[in-house]
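See below for the structure under consideration.
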Amino acid sequence: MGRGHRVGHPAYGELAVRAIALVDCNNFYVSCERLFQPRLEGRPVVVLSNNDGCVVSRSAEAKQIGVGMGVPWFQLKALARQHDIVALSSNYALYADISARVMRLLAAFSPRQEVYSIDECFLELDGMAAQPDLSGYGQRMRASVKQCVGIPVCVGIAPSKTLAKLANHIAKKEADCNGVCDLDAMPRAAQQARFAALGAGEVWGVGARIAARLQGMGIDSVLDLQTAPATVIRAAFGVVLARTLAELNGVACIGLEPEPHERQQIVCSRSFGTTVGDLAQLEQAVIAYTVRAAEKLRRQQSLAGVLLVSLCTNPHRPGAPQYQPQIRVPLESPCADSRVLCRAALSGLQVIFRHGFGYRKAGITLAGIIPRAARPRTLFDDAAAQAKSERLMQAVDAINRRMGSGTVSLLGEGIHQRWAMQRGYLSGGFTTRWDELAEVR
DNA sequence: CTATAACTCTCAA
DNA sequence: CTAACGTTGAGAGTTATAG
């Protein structure tokens, strides 16, 4: 397992990388909120999902009290009163802005960075001959992010992404790591002890389903999985878990992907702030979602060939009649014009809508996505109309980029969006809006 | 029957 | 006052369908 002493693994294509760091922000959303609201320091704080539904981020104090991840907020009201928990609505504009600052700083620590999610990134540390002490290097990352942005992070370092994830987990849990864990610098016995104490479900790529099936086979811990026979895992679970197993044994076969690739499908779906029964309201929502999805589509210079519309009643009310229709609307030709996509979405909605249901959620998906440059030509192309459509959409996008999204939109989204989501505990746009900076105390 | 499309399952943050 | 429970994207594997 030592760096540079591994045997190749031709079946899964070993990649020539010897050290990867995973940098993960601690309690990211809560940490972002605390940057601008010092009163939250030392207190139990949670950030809630859309519609103030479930807990999606918890401060250390909230975890200590026993606030679980993903718990519905209404179930926590009693505990919250008892311990004076502060609950905040998600403020994605703020988190995205802070994330960009963190990622830009970390990029300076490696020639190759993969921004994996809003709060974590992989850094390739291979060939860093000038950095023989990788733990020290990780400490410098932590200090830099803490000082320049104010966000606490932990660093896991290992020969594969999967092991780096585990190293990060150890760095977060064990105080004497000081937030950094270099797995290869750890004595073999110590590493085995950690892996024996960790459930297999902690491994990246092992969710609840697979963890349960593994347990049924007597594979409980990370160590059990690491030492399981590859043939058995391959046969029972497929190539995905077989790759994970190789990674657990130090064989890097999940590569770093510095460039985000274009989406193959673009989804915009959201629960409503309230139950909706009438078609007019659903039309507003579907148009709003389609416009947003179309913006994303154009940003990546693509066209969609198919649009899907879906509706959903409230599954948490089993007494109420349930209905989850979905429909595929093929477009005449691939397109990125919001007006055309909205017409398709509305026609789909017409077909699936039924009176007498309480709808809780609607969504649209753009699929059959191709690059704009690959637009198929037909005999009936109207080049002039095409150019006109593209110019209009470009103008709309340019205005919305400059003046803020939603400045120019299609009629039909509605002015009073009674279905819009609830965000009762929203903090200000501290970094994105001058007028809300005043809330900082 | 095969190639592809469509759908389902699983996972992650 | 009551009722209150996320979103987006990917990939693999399976099933349905077209030719």
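Every chain is numbered from 1 and lettered A, B, ... according to where its sequence line falls, protein lines coming before strand lines.
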Notebook entry, point to check: Within the structure shown, what part of the strands sits under 4.0 Å from A/Asn314 by heavy-atom distance: base, sugar-phosphate, or nothing?
Noted result: sugar-phosphate

Note to self: Applying a 4.0 Å non-hydrogen cut-off, can you work out what A/Arg360 is touching in the nucleic acid: base, sugar-phosphate, or nothing?
What the structure shows: sugar-phosphate

Check: Charged N to carboxylate O below 4.0 Å: is that the case for A/Lys172 and A/Asp24?
Finding: yes

Checklist line | Lys/Arg-Asp/Glu bridge criterion (N-O < 4.0 Å) met for A/Glu120, A/Lys165 | finding: yes

Margin query: As a test of reading the structure: which of C/dA10, C/dT7, C/dT8 is closest to the side chain of A/Cys268, going by heavy atoms?
Written below: C/dT8

Next item on the list: Choose from B/dA13, B/dA6, C/dA4 the nucleotide whose nearest atom is closest to any side-chain atom of A/Phe74.
Entry: C/dA4

Checklist line | Candidates B/dA13, C/dG9, C/dT7 - which lies nearest the side chain of A/Asp119 | finding: B/dA13

Checklist line | Contact pattern, 5' to 3', of nucleotides 14-19 of chain C - B, S or - by protein heavy atom under 4.0 Å | finding: ------

Margin query: So A/Lys77, base contact, sugar-phosphate only, or nothing? Heavy-atom distance under 4.0 Å.
Written below: base

Next item on the list: Output yes when A/Glu283 and A/Arg343 qualify as a salt bridge under the 4.0 Å nitrogen-oxygen rule, no when they do not.
Entry: no

Checklist line | Closest nucleotide among C/dG9, C/dG6, C/dA10 to the A/Ser49 side chain | finding: C/dG6

Next item on the list: Give me the residues of residues 202-219 of chain A where at least one heavy atom lies under 4.0 Å from an atom of DNA chain B, by number, or none.
Entry: A/Val203, A/Trp204, A/Gly205, A/Val206, A/Gly207, A/Ala208, A/Arg209, A/Ile210

Next item on the list: Identify whether the distance between the nearest side-chain nitrogen and carboxylate oxygen of A/Arg401 and A/Asp397 falls below 4.0 Å.
Entry: no

Margin query: Closest approach to the side chain of A/Ile266, judged atom by atom: which nucleotide of C/dG9, C/dC5, C/dT8 is it?
Written below: C/dG9

Check: Considering only side-chain heavy atoms of A/Gln265, which listed nucleotide, B/dA13, C/dG9, C/dA12, is closest?
Finding: C/dG9

